[in-house]
Amino acid sequence: MPSKPPPGHFQILYFALASTLTGKDAEPLPAPLPLSQLFSKLEELYPRIRGQVLESSLVTVNMEYVDVPSHGEEGETVLQEGDEVAIIPPVSSG
């Protein structure tokens with residue numbers, strides 16, 4: 001089980017191919033961060049992760065599935081200190 005993120009951060013969990021590409025199971029990222037900026041932030045840290053993983057992954061925030069907007073929207077979710085975000089790539093069958 002990942003540890004709690006440090007103050008001022010949220011925890012992001014990586015599964016399957018996301019974990020392989022990042023080389024991590026989890027890491028803290030600075031909060032607050034609008035959900036629409038999450039994929040851009042991860043692309044900065046891990047070039048090519050958007051096309052290889054993120055665009056086909058499910059995302060949860062505090063264990064609830066969310067749709068990640070492609071641009072800022074009024075009332076969009078903002079990731080806050082202590083939140084837990086999971087990147088869940090599709091499972092390959094074959």
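For the side-chain hydrogen bond (donor to acceptor under 3.5 Å, both in side chains) test, residues two or more places apart in sequence or in another chain that qualify with Ser40 are Arg50.
Summarising the geometry, atom CD1 belonging to Ile87 is positioned 5.0 Å from atom CG belonging to Leu38; distances are rounded to the nearest 0.5 Å.
Two residues are said to be in side-chain contact when any heavy atoms from C-beta on lie closer than 4.5 Å; Asp25 and Leu13 fail this criterion. Residues Ile12 and Leu42 have side chains in contact (heavy-atom distance under 4.5 Å, counting atoms from C-beta outward).
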Considering only distance and modelled atom types, tabulate donor-acceptor pairs under 3.5 Å from the side chains of residues 27-37, sequence neighbours left out.
residue, atom, partner, partner atom, Å
Glu27, OE1, Lys24, NZ, 3.0
Glu27, OE1, Tyr46, OH, 3.3
Glu27, OE2, Tyr14, OH, 2.6
Glu27, OE2, Tyr46, OH, 2.6
Ser36, OG, Glu76, OE1, 3.1
Ser36, OG, Glu76, OE2, 3.1

Let me have the donor-acceptor pairs involving side chains of residues 61-69, under 3.5 Å, with sequence neighbours excluded, atom names and distances please.
residue, atom, partner, partner atom, Å
Asn62, OD1, Glu84, N, 2.9
Asn62, ND2, Asp83, OD1, 3.1

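Of all non-hydrogen atoms in Leu17 and Pro89, the two that sit nearest each other are N-CG, 4.0 Å.
Residues Leu79 and Val59 share a hydrophobic cluster, clusters being chains of Ile/Leu/Val/Met/Phe/Trp/Tyr side chains in contact below 4.5 Å. By the rule that hydrophobic residues join a cluster once side-chain heavy atoms approach within less than 4.5 Å of another member, Leu58 and Phe15 end up as members of one cluster.
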